[in-house]
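Just follow the structure's listing: the first ligand is 1, and inside any ligand the first atom is 1.
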Amino acid sequence: MTFRTRFAPSPTGPLHLGHAYSAIIAHDMARAAGGAFLLRMEDTDLQRSKPEWDAAIIEDLTWLGLRWDEPILRQSEHLNDYNKYLKAFESMGFLYPCSCSRGDIRAALSAPQEGVSHDVYPGTCKNRPMSDRKPGDALRLHLDRALSRLKGQNVTFEETGAAHKGTHHLDPERALQEIGDVVLSRKGEEIIAYFLASALDDVHQEITHVVRGEDLFDFTQLQVLLLTLLELPVPIYHHHRLIRDEAGKRLAKRDDARAIAKYRAEGATPQDIRRMVGLG
Ligand code: GLU
C-alpha cells in the first residue's frame, strides 16, 4: 500500500502554528514513507471560506517548504458529487427531515439527562418520513437504524497516533449516547456536513493515512461509521498532539498572534517555525 496523506484546512482564517505543525507532520510522514502528500481545501462553508485565506494558506505552506503531489482539491468545486451519498443514505432509510432550530434543540435538552451530551439531538423530528420534507429542512442520520444495519459486524479502525494507538472498536451504545442523530445536510441546501465531506474526499483521494490534530479524534468514530455504512474503505488514522499557547489552551482558529504570516513578517525562517513547534 502506497502511503497517501493530506492536509485539509478550511480557508476561514490564517494558517497558525498549530496548522503548520499538522501540515509539516503529514508532509514529513509522506516523504519518509516515499508516499504522497496532498492539499485539500475544505471550503464547503461558502459563507466563511474566503479566496484570500485560500491564497494565504498556499503562500504560507509554500514558504514552509511544503509541496503537494497532486492538484489542490477544493470541495466547493464538486459539491454535487456529495449528493449521491446522501441519496444512498436516503435509500437505506437512514435519513429524516428536521426543522428544529438551534433554539428548539436547546429547549428540548434543557432538562439534563445523565450521560447524554448536550450536543446530542433529542429526536424531536425522528418519526418524520422523508416524504414530509419541507424546503427549509435539514437532513439527519437516523442513528439507531443505521447501527442496527451493522449489528453483528465488528466495525474497527486503526490509530497510529501515540495518545490512542491501537485498534478501536465501534461501540454502538456509546455512539448513540455521544453522537446521536447528526445533521448530514444543512437546512435549505443540498450541502453536506463537513465531517462527511471530509471522510468522502479521503476515500475519493485514496488517502491511506489521515494525519490530523487530536481535537478531531472524536469525529473519527462517526466518520468510520458513515464510511462503513456506505461500504467505503476506512483509512488508518493518526491524531497528533496539539500546539498550545502558554496557558495550555489549544490555538484558536483566528489566533492571529501565532499566524505564520506574522512570524514571516518578523523575519522568522521556516526552520524557526519547525523549532517553535518542536520539530527542529
Ligand atoms: N478541515 C478541518 C479543519 O480545518 C480538518 C479536517 C481533517 O483534517 O480531517 O479543522
Side-chain angles (χ1 to χ4, degrees), residues 3-30 36-58 60-61 64 66 68 70 72-79 82 85 157-161 163-164 168 179 182 184 186 191-227 232-244 249-256 258-260:
F3 186 104
R4 284 172 67 85
T5 191
R6 63 1 177 233
F7 177 54
S10 304
T12 55
L15 199 77
H16 62 52
L17 279 184
H19 301 122
Y21 178 70
S22 199
I24 294 170
I25 295 238
H27 175 269
D28 290 1
M29 282 175 77
F37 171 72
L38 275 54
L39 177 60
R40 177 167 79 228
M41 292 293 177
E42 301 212 318
D43 55 358
T44 50
D45 185 336
L46 303 176
Q47 240 110 66
R48 291 175 60 230
S49 300
K50 300 270 179 276
E52 46 277 32
W53 292 126
D54 182 306
I57 289 170
I58 292 172
D60 285 342
L61 293 174
L64 282 167
L66 308 188
W68 34 100
E70 291 173 19
I72 299 169
L73 184 131
R74 288 188 176 79
Q75 295 188 321
S76 61
E77 289 171 5
H78 71 117
L79 292 176
Y82 302 120
Y85 296 101
F157 68 92
E158 293 297 323
E159 166 72 32
T160 61
H164 305 278
H168 293 254
I179 300 176
V182 289
L184 294 187
R186 286 200 298 260
I191 289 184
I192 197 151
Y194 67 95
F195 51 80
L196 178 54
S198 188
L200 290 173
D201 279 333
D202 285 333
V203 174
H204 175 67
Q205 296 191 289
E206 298 179 3
I207 298 302
T208 59
H209 291 72
V210 170
V211 178
R212 61 186 184 188
E214 172 68 27
D215 52 333
L216 295 169
F217 183 75
D218 287 347
F219 280 115
T220 311
Q221 189 177 204
L222 171 60
Q223 290 182 317
V224 169
L225 171 74
L226 296 172
L227 291 178
L232 294 171
V234 172
I236 294 168
Y237 293 86
H238 182 100
H239 292 84
H240 57 69
R241 71 178 173 91
L242 297 179
I243 302 296
R244 298 181 182 278
K249 260 183 60 204
R250 135 181 119 84
L251 298 187
K253 196 119 217 157
R254 290 189 148 273
D255 202 336
D256 294 1
R258 289 171 182 79
I260 300 305

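The parts of Ser10 lying near ligand 1 are both backbone and side chain, judged by heavy-atom distances below 4.0 Å. Contacts of Gln223 with ligand 1, taken as heavy-atom pairs under 4.0 Å, are absent altogether.
Close approach to Arg6 involves these atoms of ligand 1, each under 4.0 Å from a residue heavy atom: 7 (C), 8 (O), 9 (O). Distances below 4.0 Å separate heavy atoms of Leu216 from the following atoms of ligand 1: 5 (C), 6 (C), 7 (C), 8 (O). Those atoms of ligand 1 that come under 4.0 Å of a heavy atom in Arg212, given as number and element, are 7 (C), 8 (O), 9 (O). Ligand-side atoms of ligand 1 in range of Glu42: 1 (N), 2 (C), 5 (C), 6 (C), range being under 4.0 angstrom from any heavy atom.
Ring centroids of Phe7 and His27 are separated by 6.0 Å or more, keeping the two rings apart. Here Phe219 and Tyr194 bring their ring centres to under 6.0 angstrom of each other.
For Val211, no nitrogen or oxygen atom sits less than 3.5 Å from a nitrogen or oxygen atom of ligand 1, counting backbone and side chain alike.
The backbone N or O of Gly161 lies less than 3.5 Å from a partner atom in the side chain of Glu159, making a donor-acceptor pair.
How far CD1 of Ile192 is from OG of Ser198: 11.0 Å, rounded to the nearest 0.5 Å.
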Run the side-chain contact (heavy atoms from CB on, under 4.5 Å) test on His209 and Arg4 for me, step by step, so that the C-alpha distance in whole Å, both residues' side-chain angles and the decisive distance to 0.1 Å come before the verdict. CA-CA 6 Å; His209 291 72; Arg4 284 172 67 85; over 6 Å; no
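Comment: Asp54 engages Arg74 in a salt bridge, judged by a side-chain N to carboxylate O separation of less than 4.0 angstrom.
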